[in-house]
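Predicted model only: the values in this text are computed from it and were never measured.
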Amino acid sequence: MDEPAKFFEEYKIIGVVRASEFSDADAISKALIDGGIRIIELNPNVPQCFKLIETLSKNNQIIVGLGSITDGEQAYRAINAGARYISTHY
């Protein structure tokens, strides 16, 4: 995929995944993708969120991001895991 901004413009919907179990977050992410959602945003409270970002980012039909980050360490880890965008509410 070329530019995340173009991807956002084309698909417009972000599937935000919040779950207390890794397996639930994985299943929710897969269900969103199967349902046609192409932008997936994980929350840092998802257990092993960076592992899930790494797994999901291998799918070149979607982009994965990390939302509600609280510090630079989370941003750094997310980007290194394959996140194409990060967001915060601060």
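Placement of Y85 and V46 in two distinct hydrophobic clusters is found when ILVMFWY residues are connected by side-chain heavy-atom separations under 4.5 Å, directly or transitively.
Taking CD of Q48 as the start and CD1 of I53 as the end, the distance is 12.0 Å to the nearest 0.5 Å. To the nearest 0.5 Å, the span separating CD1 on I86 from CG on L42 amounts to 13.5 Å. Note that the CD1 atom of I63 and the CZ atom of R38 stand 12.0 Å from one another [nearest 0.5 Å]. To the nearest 0.5 Å, the span separating CG on L66 from OG1 on T88 amounts to 9.5 Å. The distance from the CG atom of L52 to the OG atom of S29 is 4.5 Å, given to the nearest 0.5 Å.
Between R84 and S57 the shortest side-chain heavy-atom distance does not fall below 4.5 Å. Inter-residue side-chain proximity for S68 and P44 is flagged as met; some heavy-atom pair is nearer than 4.5 Å.
The ring pair (Phe, Tyr, Trp, His ring centres under 6.0 Å) check on F50 picks up nothing, with sequence neighbours excluded. D71 is linked by a side-chain contact (heavy atoms from CB on, under 4.5 Å) to E73, Q74, counting only residues two or more places apart in sequence or in another chain. Checked against side-chain hydrogen bond (donor to acceptor under 3.5 Å, both in side chains), Y11 has no partners two or more places apart in sequence or in another chain. Residues meeting the side-chain contact (heavy atoms from CB on, under 4.5 Å) test with I28, sequence neighbours left out: V17, A19, L32.
Checked against I62 for a side-chain contact (heavy atoms from CB on, under 4.5 Å), the options I37, I33, I39 give a single hit: I33.
Among residues at least two apart or in separate chains, salt bridge (charged side-chain N to carboxylate O under 4.0 Å, His left out) pairs with a member in residues 13-33 are D26-K30. For residues 50-64, there are no salt bridge (charged side-chain N to carboxylate O under 4.0 Å, His left out) pairs, not counting sequence neighbours.
No more than 12 heavy atoms of other residues, nucleotides or ligands shown are found within 6.0 angstrom of OH on Y76.
Nearest heavy-atom pair across I14 and F8 is CD1-CE2, 3.5 Å. Taking all atoms of both residues into account, the shortest heavy-atom contact from A83 to G65 is CB-CA, 4.2 Å.
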